[in-house]
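Heavy atoms only: backbone and side chains are in, while hydrogens, waters and symmetry mates are out. Numbering of residues begins at 1 and proceeds along the displayed sequence.
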Amino acid sequence: MRVSLAVYPGTFDPFTPGHRDLVARARVMFDRIIVLLAVNADKQPAAEAPARAVLVRDAIPAAWDNIEVDSWTGLTTTYCLRRGATVIVRGVRTAADLHYEYQLAAMNEQLGIQTVWLPARPHLAVISSTAARAYRSARSQPRT
């Protein structure tokens with residue numbers, strides 16, 4: 001029996017309700033999902049990958065026993081090939097996201113990995129990691 005393994009990569013800075021929803025939806029599509037904290041030199045996350053991995057694990061219900069959390073520096077396709085994953089799962093919130101994701105998917109396919117896009121649910125599409133960080137920062141500021 002063939003077991004399907006998909007990788008859901010991202011910076012997850014922070015892991016938002018939209019990310020969690022995507023994991024919830026993808027986990028019923030594939031036998032196993034790896035939520036992969038990609039280390040991107042172009043981004044300056046609020047916390048290092050191991051600390052973010054703990055936060056992601058804490059946000060995923062223990063009953064979701066087909067979910068693994070890992071981190072990786074390098075090409076996601078290299079990680080997928082090493083782990084035996086055949087699919088990358090990506091969320092799409094806007095038409096601009098789709099344009100960018102299409103380019104990534106084309107490159108990943110050339111390297112032997114397929115991409116599955118899941119559209120964000122409308123009520124979660126407005127929540128980006130950037131907006132979540134700004135909200136968190138504003139709430140931590142003292143009120144005058």
Side-chain angles (χ1 to χ4, degrees), residues 2-94 96-121 123-143:
R2 184 173 172 179
V3 175
S4 60
L5 173 61
V7 171
Y8 175 37
T11 308
F12 305 119
D13 181 36
F15 191 72
T16 67
H19 294 135
R20 186 181 184 280
D21 179 69
L22 195 136
V23 172
R25 292 161 52 206
R27 69 178 288 274
V28 298
M29 298 171 64
F30 301 97
D31 296 320
R32 292 178 40 231
I33 301 283
I34 299 173
V35 178
L36 183 65
L37 283 94
V39 177
N40 183 340
D42 294 335
K43 295 186 178 183
Q44 301 299 319
E48 296 297 321
R52 285 181 284 132
V54 169
L55 295 172
V56 171
R57 281 187 197 98
D58 289 348
I60 294 173
W64 295 4
D65 58 359
N66 64 332
I67 307 299
E68 177 184 337
V69 179
D70 200 0
S71 61
W72 174 258
T73 302
L75 288 176
T76 301
T77 51
T78 302
Y79 179 89
C80 291
L81 293 168
R82 288 185 181 180
R83 293 295 306 266
T86 56
V87 174
I88 293 173
V89 174
R90 299 288 292 172
V92 178
R93 292 181 301 125
T94 66
D97 284 353
L98 186 59
H99 179 74
Y100 172 75
E101 293 296 337
Y102 183 83
Q103 293 173 4
L104 285 180
M107 288 187 300
N108 291 337
E109 186 174 0
Q110 290 294 314
L111 296 170
I113 304 295
Q114 296 298 310
T115 300
V116 170
W117 296 313
L118 293 177
R121 294 185 193 269
H123 68 284
L124 296 172
V126 297
I127 304 170
S128 68
S129 290
T130 301
R133 279 192 308 277
Y135 177 76
R136 183 176 54 202
S137 177
R139 289 195 44 125
S140 67
Q141 299 298 318
R143 293 182 185 210

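Between Phe30 and Ser4 the shortest heavy-atom distance is CA-OG, 3.4 Å. The two atoms that bring Ile113 and Ala85 nearest to each other are CD1-O, 3.4 Å, heavy atoms only. Considering all non-hydrogen atoms of both residues, His99 and Gln103 come closest at NE2-NE2, 3.1 Å. Of all non-hydrogen atoms in Ala120 and Arg93, the two that sit nearest each other are CB-CG, 3.8 Å. Heavy-atom minimum distance, Val89 versus Leu22: CG1-CD2, 3.4 Å.
Between atom CG of residue Leu36 and atom CD1 of residue Ile34 there is a gap of 7.5 Å, rounded to the nearest 0.5 Å. To the nearest 0.5 angstrom, Leu81 atom CG is 7.5 Å from Leu111 atom CG. With values rounded to the nearest 0.5 angstrom, Met107 atom CE is found 9.5 Å from Thr115 atom OG1. One finds the CZ atom of Arg32 at 6.0 Å from the CZ atom of Arg83 (value rounded to the nearest 0.5 Å). Remark: Leu5 CG to Thr86 OG1 distance equals 7.0 Å, nearest 0.5 Å. Leu37 contributes atom CG, which lies 11.5 Å from atom CD of Glu48 (distance to the nearest 0.5 angstrom).
When atom types are taken as modelled, the side chain of Arg20 and the backbone of Ala59 share a donor-acceptor pair closer than 3.5 angstrom. Counting only distance, with no hydrogens or angles, the side chain of Arg90 and the backbone of Gly10 share no donor-acceptor pair below 3.5 Å. A donor-acceptor pair is defined here as one N or O able to donate and one able to accept, closer than 3.5 Å; such a pair exists between the side chain of Asn66 and the backbone of Arg27. In this structure a side-chain-to-backbone donor-acceptor pair under 3.5 Å is present from His19 to Thr16.
At least one side-chain heavy atom of Ile88 sits less than 4.5 Å from a side-chain heavy atom of Thr77. Counting heavy atoms from C-beta on, the side chains of Cys80 and Gln114 never come closer than 4.5 Å. Put simply, the side chain of Ile67 reaches to within 4.5 Å of the side chain of Val35, judged on heavy atoms. Counting heavy atoms from C-beta on, the side chains of Val7 and Trp72 never come closer than 4.5 Å. Taking 4.5 Å as the limit, every side-chain heavy atom of Leu55 sits out of range of all side-chain heavy atoms of Phe15. Contact of the Arg52 side chain with the Thr11 side chain is registered, since non-hydrogen atoms from C-beta on lie closer than 4.5 Å.
The one candidate from Asp58, Ile60, Val23 that meets the side chain to side chain contact (heavy atoms under 4.5 Å, CB included) condition with Val69 is Ile60.
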